[in-house]
Protein chains: 2
Amino acid sequence: MKETFGEYIKRLRTENELTLTQLAAKLDLDSANLSKIENNKREFDEKRLELLANVFNLDLAKLRTEFFSDIIAKKIYDNNCDSETLILAEQKVEYLKSKNLTTI
Amino acid sequence: MKETFGEYIKRLRTENELTLTQLAAKLDLDSANLSKIENNKREFDEKRLELLANVFNLDLAKLRTEFFSDIIAKKIYDNNCDSETLILAEQKVEYLKSKNLTTI
DNA sequence: TTTGACTTGTCATTTTTTGACAAAAATACA
DNA sequence: TGTATTTTTGTCAAAAAATGACAAGTCAAA
């Protein structure tokens, strides 16, 4: 079963026997805020992905996939989007690629 | 072939022979900003979806699907996310549903 | 009951988004 | 042509959202 990005960080942290304070320091983050991230009450900031990958020796590309899939899942979930949304999104990605569009 | 949400609005507008100014007024929006939306230089604001549906007599649910798929597609595209991202996202949506999680 | 680990609440600051307007560019058309 | 209309682009103050920081709370183990 999948987990949220916050739960993923928490698992990494506990498996590596780090306290919130210890990991927060490595991520240049307040431990209280890291707690919120782990409990899905704040978002992890994209700019810390590389740092996170280094701390736990993770593949950055995979971590990015975890991260962005999480953001997308939350958007779908929070807005009660129907099952077609992701299918349509995939088509639109292809369209954007084909047009080489510069979006906002 | 799919189109962006902005292009979709532009098509609706021109097919219905409205000027930017005319449609912008109906959407309570500055025509200059509507132009930017149509040209993928600004985002359409979710709060105007219902208004848009009314103006062109569209199904709001379908319009929402168009809208959110667009946002997701742009995120994927802008961040060069790999093809697994959407698959993972779908799994995470199921996970969120199963846990009835309240996200941010 | 003290200590360390974690959680929650709050708020000023920073960052991002939005609305609004001016002006330039493109288009239509007499 | 010249002029009116439409569309696009640039800019910026104001509004909204995200972030960092810190205080104070709970909880569990020693």
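Numbers restart at 1 for each chain; the letters A, B, ... are given by sequence-line order, proteins then strands. Side chains are part of it too, since the values below use all heavy atoms of this structure and drop only hydrogens, waters and symmetry mates. In this text the structure is predicted, and so the values were computed from the model without any measurement.
The separation between L34(A) atom CG and dA5(C) atom P is 14 Å, rounded to whole Å. Remark: P of dC6(C) and NZ of K10(A) are 8 Å apart, rounded to the nearest angstrom. Going from atom CD of E38(A) over to atom P of dA5(C) covers 14 Å, rounded to whole Å. If you measure from atom CG of N39(A) to atom P of dC27(D), you get 14 Å, rounded to the nearest angstrom. Per the geometry, CD1 belonging to I71(A) stands 11 Å off P belonging to dA18(D), to the nearest Å. Protein atom CD of Q22(A) is 13 Å distant from nucleotide atom C1' of dC6(C), rounded to whole Å. For the pair L20(B) CG and dT9(D) P, the computed distance is 12 Å after rounding to whole Å. In this entry the distance linking CD1 of I37(A) with C1' of dA18(D) reads 12 Å, nearest Å.
Look at E66(A) and K92(B) and you find a salt bridge, because one of the NZ, NE, NH1 or NH2 atoms lies within 4.0 Å of a carboxylate O, short of that distance. A salt bridge links E38(B) to R13(B): at least one charged side-chain nitrogen sits closer than 4.0 Å to a carboxylate oxygen.
Heavy-atom nearest nucleotides on DNA chain D were determined for N33(B) and for T19(B), and the one closer to the 5' end corresponds to T19(B).
The base of dG10(D) does not come close enough to the side chain of K41(B) for any donor and acceptor atom to sit less than 3.5 Å apart. Below the 3.5 angstrom threshold, one finds a donor paired with an acceptor across the side chain of K36(B) and the base of dG10(D). Under 3.5 Å, the side chain of D45(A) and the base of dA18(D) form no donor-acceptor pair of N or O atoms.
Proximity of a side-chain donor or acceptor of R64(B) to a complementary backbone N or O of D82(A) within less than 3.5 Å is not detected.
At least one side-chain nitrogen or oxygen of R48(A) sits closer than 4.0 Å to the OP1 or OP2 atom of dG20(D). Remark: K47(A) is in phosphate contact with dG20(D), judged by side-chain N or O atoms under 4.0 Å from OP1 or OP2. The side chain of S35(B) places an N or O atom within less than 4.0 Å of a non-bridging phosphate oxygen (OP1 or OP2) of dT8(D). Remark: R13(B) is in phosphate contact with dT7(D), judged by side-chain N or O atoms under 4.0 Å from OP1 or OP2.
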Write down the protein N/O and nucleotide N/O pairs, taken from nucleotides 22-24 of chain C, whose separation is under 3.5 Å; answer none if there are no such pairs.
none

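Using a 4.5 Å heavy-atom threshold, the side chains of E3(B) and K10(B) count as separate. Residues L49(B) and F44(B) are in side-chain contact: their nearest non-hydrogen atoms beyond the backbone lie under 4.5 Å apart. Counting only heavy atoms from C-beta outward, the side chains of L52(A) and F5(A) approach each other to under 4.5 Å.
Each of I72(B), V93(B), L88(B) was checked for a side-chain contact (heavy atoms from CB on, under 4.5 Å) with I72(A), and the lone residue meeting it is I72(B).
Of the listed nucleotides (dC12(D), dT9(D), dT7(C)), dC12(D) has the atom at the smallest distance from the side chain of R42(B).
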